[in-house]
S.K.: 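This is the structure I have questions about; it appears just below.
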2 protein chains.
Amino acid sequence: MVRGAPTQQRILDAAERLFFGDGIAVTGMDALAAEAGVSVVTIYHHFGSKDGVLQAVLTRRLTAWTTAWDTAIARAATPEDRLLAVFDAIETFRSANGRTQWCCFLSTVSERPSPTGADPDPVHALVRQDTAELVGRLGSLAEAADLTDPRATAATLLVIYNGVLSSLLRGEPEDPFQAARVAARLVVSAARRPG
Amino acid sequence: MVRGAPTQQRILDAAERLFFGDGIAVTGMDALAAEAGVSVVTIYHHFGSKDGVLQAVLTRRLTAWTTAWDTAIARAATPEDRLLAVFDAIETFRSANGRTQWCCFLSTVSERPSPTGADPDPVHALVRQDTAELVGRLGSLAEAADLTDPRATAATLLVIYNGVLSSLLRGEPEDPFQAARVAARLVVSAARRPG
DNA sequence: CGTCTACTGTAACGACCGTTGTGCATAACG
DNA sequence: CGTTATGCACAACGGTCGTTACAGTAGACG
């Protein structure tokens, strides 16, 4: 029998595939256990509840995604390329993680009631953290690139980024990466400081 | 008691609010009936099943959206403005239809298992029809605008369009419309035929 | 008036859900 | 060796789901 760590990992892998491929509500604990090759009891022993699995998957995804983004940023040469590194990060992350659907945060928020007033829901907090991570990084990168109106540029790039995720989620035939890169490059070029 | 047509309409309105606001799987038939102010039996009498309600909502949404888009296109003056009329259409359609989440097709596909091989699922067919409507119209509009590489331009605009929907779905604080318009205008300008 | 349509409430059905308890097997560690 | 940790199979619980049947009411139309 394999030791503890791989078991948790296998459960999370299976949850990633099923939750974001088929849907969270549609996926039962039995199906999740079968996909992970473990027992239902083991899942509860590790994560306590189905919502616990979801939170764990989202957290893992969030950290994995941010580190992938960081390496893509580090690989870029110029400040403007660093600003466009998001799209490289998605592409490599996606090819590395196989067939899992994008974006898991988008899928999650679709199945959840909108938070009413105060938000004690940790799942929504994670989604919000993902968004905050996006706008924060894009904003600071835009500022570092010395663009005119970096906030507006970051907001525009965020829309394009969301467009890539949405296109992937829809399963559109066209490849959104090239289109996104073209648009993003135009946006950055237009925001370049004259002189 | 109100006659037939308003009843169906009220059910579809309620389904639009609940399905795409809270999630399809989460919304039970009881909640749907309560929101519509009708009985559960009435829903089944009109639509046969929950999936029937979903299909009816999606079809209604599809036709409403395309007609709204058409009027926005007709209101535009130049071919390039016609190409950018999508964003006006979303904005007016959204403000007219209140708090309903965008995009319903995006939310739907998140909760559904991906079609395996052949696709006998009418819901997936509707989502695909929505996508086809988008790429077809954007493509012909780009061609009518006499741009260089109209197909690539249409693909880029589609990504930006998807980005708006995705941003709205996430409930991001920033207003995505202005950002999308800026990016789209840049894309169209860059594709303009020289001379 | 009678008939029909449209809709209502209540109750029930089978099925599946998330969750927990019990008991057992295996492997590592002292 | 015994202890502990880890995971398994089996079974069951309360609950909710989508769906349907049964019985009854208000208005439209002849």
Side-chain angles (χ1 to χ4, degrees), chain A residues 1-58 107-108 110-113 120-124 126, chain B residues 1-58 107-108 110-113 120-124 126:
Chain A
M1 214 51 55
V2 211
R3 310 298 312 148
T7 303
Q8 290 200 27
Q9 189 173 321
R10 263 189 318 178
I11 297 174
L12 291 182
D13 290 344
E16 212 162 67
R17 279 191 296 268
L18 265 51
F19 280 176
F20 310 128
D22 295 348
I24 302 172
V26 184
T27 303
M29 297 297 281
D30 298 2
L32 180 58
E35 175 83 10
V38 296
S39 158
V40 185
V41 207
T42 306
I43 302 181
Y44 279 93
H45 181 263
H46 276 291
F47 300 101
S49 70
K50 186 182 187 180
D51 224 73
V53 181
L54 178 61
Q55 293 175 33
V57 176
L58 290 179
S107 317
T108 304
S110 302
E111 294 199 43
R112 290 249 162 184
D121 191 344
V123 171
H124 267 112
L126 279 170
Chain B
M1 216 47 58
V2 210
R3 310 299 310 149
T7 302
Q8 289 200 28
Q9 189 173 320
R10 261 189 319 176
I11 296 174
L12 291 182
D13 290 343
E16 211 163 67
R17 278 191 298 268
L18 265 53
F19 280 176
F20 309 129
D22 294 348
I24 301 171
V26 183
T27 304
M29 297 297 280
D30 298 2
L32 180 59
E35 175 84 9
V38 297
S39 158
V40 184
V41 203
T42 307
I43 302 181
Y44 279 92
H45 181 263
H46 277 290
F47 299 101
S49 70
K50 187 182 186 180
D51 224 73
V53 181
L54 179 60
Q55 293 175 34
V57 175
L58 289 180
S107 317
T108 304
S110 303
E111 296 198 41
R112 290 250 163 186
D121 192 345
V123 171
H124 267 112
L126 280 170

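All chains are named by letter (A, B, ...) in the order of the sequence lines, taking the proteins before the strands, and each is independently numbered beginning at 1.
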S.K.: Can you give me the closest heavy-atom contact between B:E111 and B:A25, atom names plus distance?
M.R.: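 It is OE1-N, 3.0 Å.
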S.K.: Write down the distance between NE2 (B:H45) and P (D:dT20), rounded to a whole number of angstrom.
M.R.: 13 Å
S.K.: How is A:G37 classified with respect to the nucleic acid when contacts are heavy atoms under 4.0 Å: base, sugar-phosphate, or nothing?
M.R.: sugar-phosphate
S.K.: Please report the distance, rounded to the nearest Å, between CE in B:M29 and C1' in C:dG9.
M.R.: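 Spelled out: CE on B:M29 to C1' on C:dG9 is 16 Å.
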S.K.: Please tell me if B:T7 has a side-chain N or O lying less than 4.0 Å from either OP1 or OP2 of C:dA6.
M.R.: no
S.K.: Which nucleotide in the list D:dC8, D:dT20, C:dG18 gets nearest to the side chain of B:Y44?
M.R.: D:dT20
S.K.: Check this one for me: any side-chain N or O of A:H46 less than 4.0 Å away from OP1 or OP2 of D:dG7?
M.R.: yes
S.K.: Among D:dT19, C:dG9, D:dG7, which is the nearest nucleotide to the side chain of B:S49?
M.R.: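 The answer is D:dT19, which lies nearest to the side chain.
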S.K.: Quick one: B:R10 CZ to C:dC7 C1', roughly how many Å, whole number?
M.R.: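 My rounded result for the distance is 10 Å.
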S.K.: Indicate, with a heavy-atom threshold strictly under 4.0 Å, whether B:V41 touches base, sugar-phosphate, or nothing.
M.R.: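 Base: the residue B:V41, judged by heavy atoms under 4.0 Å, touches a nucleobase.
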S.K.: Send over the distance from A:I24 CD1 to C:dG18 C1', rounded to a whole Å.
M.R.: 15 Å
S.K.: In whole angstroms, how far is the C1' atom of D:dT16 from the CG atom of B:L32?
M.R.: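 Roughly 16 Å, once rounded to whole Å.
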S.K.: Testing the basics here: between A:V123 and A:D121, what is the closest heavy-atom pair and its distance to 0.1 Å?
M.R.: N-OD1, 3.0 Å
S.K.: Write down the distance between CZ (B:F47) and P (D:dG18), rounded to a whole number of angstrom.
M.R.: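 Atom CZ in B:F47 sits about 16 Å away from atom P in D:dG18.
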S.K.: Rounding to an integer number of Å, can you tell me how far B:D22 CG sits from D:dC17 P?
M.R.: 12 Å
S.K.: Categorize B:V40 for me: base, sugar-phosphate, or nothing, with a 4.0 angstrom heavy-atom threshold over every strand shown.
M.R.: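 The answer is base, as B:V40 lies within the cut-off (heavy atoms under 4.0 Å) of a base atom.
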S.K.: Hey, which of these two, A:T27 or B:I43, hits DNA chain C nearer its 5' end, going by closest nucleotide?
M.R.: B:I43
S.K.: Restricting to non-hydrogen atoms, name the atom on B:K50 and the atom on B:T27 that form the minimum distance, rounded to 0.1 Å.
M.R.: NZ-O, 2.8 Å
S.K.: Less than 4.0 angstrom from a charged side-chain N to a carboxylate O is my criterion; do A:D51 and A:R112 meet it?
M.R.: yes
S.K.: Please state how far atom NZ in A:K50 lies from atom P in C:dG18, giving the value in whole angstrom units.
M.R.: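 Interatomic distance, NZ of A:K50 to P of C:dG18: 4 Å.
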S.K.: Quick check on C:dT8: is either OP1 or OP2 less than 4.0 Å from any side-chain nitrogen or oxygen of B:T42?
M.R.: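 The answer is yes; a side-chain N or O of B:T42 sits under 4.0 Å from OP1 or OP2.
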S.K.: If you look at every heavy atom in A:V57 and A:A15, which pair is closest and at what distance?
M.R.: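 Between these two residues, the closest heavy atoms are CG2-CB, 3.6 Å.
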